[in-house]
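Below is one structure, written out as structure tokens, with a few remarks after it.
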Amino acid sequence: GESVGLHLPTLSVQEGDNSIINCAYSNSASDYFIWYKQESGKGPQFIIDIRSNMDKRQGQRVTVLLNKTVKHLSLQIAATQPGDSAVYFCAVPGADKLIFGTGTRLQVFP
Amino acid sequence: NAGVMQNPRHLVRRRGQEARLRCSPMKGHSHVYWYRQLPEEGLKFMVYLQKENIIDESGMPKERFSAEFPKEGPSILRIQQVVRGDSAAYFCASSLGQGRSYEQYFGPGTRLTVT
């Protein structure tokens, strides 16, 4: 079955720096990937997605990179702000449900 | 507010009591998913329902847990005879379905504490 894992449980960055959050997946047949942001006490919020026919997708201050060869994707946040502090999850669809990774906690310090 | 609504937001139950968690999907959505999140962990799928039908309950424990999504009213996740291990955040998500089940919108969650 599909499993999704993250390399680092906690990432601390200084305000204004760029953040990179990584995610590994196991099913080479996965063709769609989603990043969610979960702030304390709230439900997951969609950030950005990418399909397997793309290597890169950009949003507002966020970029997702997909490396299908090594089954790895990353979320890059430019000019990290205090409001970016949250837990970030990657997720892949699996038979009508989403399979989430463990999550990376992003801490932004001044 | 047209988003997914869950209530209660916080629920405290003693061991052996019943917990009922409610979820109203986004307007126009007829597909509901329940996930459980233990502290410092990711969300784990429990059950997927459409109106009056359970489509996939592969992630739900066989005993004490049940879910429904009636023709009228919210979806309900019911936990009977709760134990301390049931303490978690329970999230509901909804989607349009119809091949877009991966576009799921999440509610704020219900945090269940079993004492």
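Quick note on labels: first sequence line is chain A, next is B, and so on, each numbered from 1.
Taking the six-membered ring for Trp and the full ring otherwise, A:Tyr36 and B:Phe106 have centroids separated by under 6.0 Å.
To the nearest 0.5 angstrom, B:Tyr35 atom OH is 4.0 Å from A:Leu98 atom CG. Considering NZ of A:Lys42 and CZ of B:Phe91, their distance stands at 11.5 Å, rounded to 0.5 Å.
Side-chain contact between B:Lys44 and A:Ile99 is absent, with no heavy-atom pair separated by less than 4.5 Å.
There is no path of hydrophobic side-chain contacts, each under 4.5 Å, that joins B:Leu38 to B:Phe45. Under a hydrophobic-cluster definition in which Ile, Leu, Val, Met, Phe, Trp and Tyr are linked whenever side-chain heavy atoms come within less than 4.5 Å, directly or via other members, A:Leu106 and A:Leu65 are assigned to different clusters.
Shown here is A:Arg61, whose CZ atom has more than 12 heavy atoms of other residues, nucleotides or ligands within 6.0 Å. Other residues, nucleotides and ligands contribute at most 12 non-hydrogen atoms within 6.0 Å of the CD atom of B:Glu63. Under a cut-off of 6.0 angstrom, the local environment of CD in A:Glu15 is crowded, with over 12 non-hydrogen atoms contributed by other residues, nucleotides or ligands.
In this structure, the portion of B:Gln37 lying under 4.5 Å from any heavy atom of chain A is its side chain and not its backbone. In this structure, the portions of B:Gln104 lying under 4.5 Å from any heavy atom of chain A include both its backbone and its side chain. Using a 4.5 Å cut-off between heavy atoms, A:Lys97 contacts chain B through both its backbone and its side chain. Heavy atoms closer than 4.5 Å to chain A are found nowhere in B:Ser95, neither backbone nor side chain.
With chain A as partner, the option from B:Gly59, B:Pro108, B:Cys92, B:Gly109 having the largest number of non-hydrogen pairs under 4.5 angstrom is B:Pro108.
Grouping Ile, Leu, Val, Met, Phe, Trp and Tyr residues whose side-chain heavy atoms lie under 4.5 Å apart, directly or via other members, leaves A:Val70 alone, with no other cluster members. Taking a 4.5 Å side-chain heavy-atom cut-off between Ile, Leu, Val, Met, Phe, Trp and Tyr, the cluster of B:Met46 extends to B:Leu11, B:Leu21, B:Val32, B:Trp34, B:Val47, B:Leu49, B:Ile54, B:Met60, B:Phe65, B:Phe69, B:Leu77, B:Ile79, B:Val82, B:Tyr90, B:Leu112, B:Val114.
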Legend entry - Worked check of side-chain contact (heavy atoms from CB on, under 4.5 Å) between B:Tyr105 and A:Gln45: CA-CA 8 Å; B:Tyr105 298 83; A:Gln45 179 184 10; over 6 Å; no

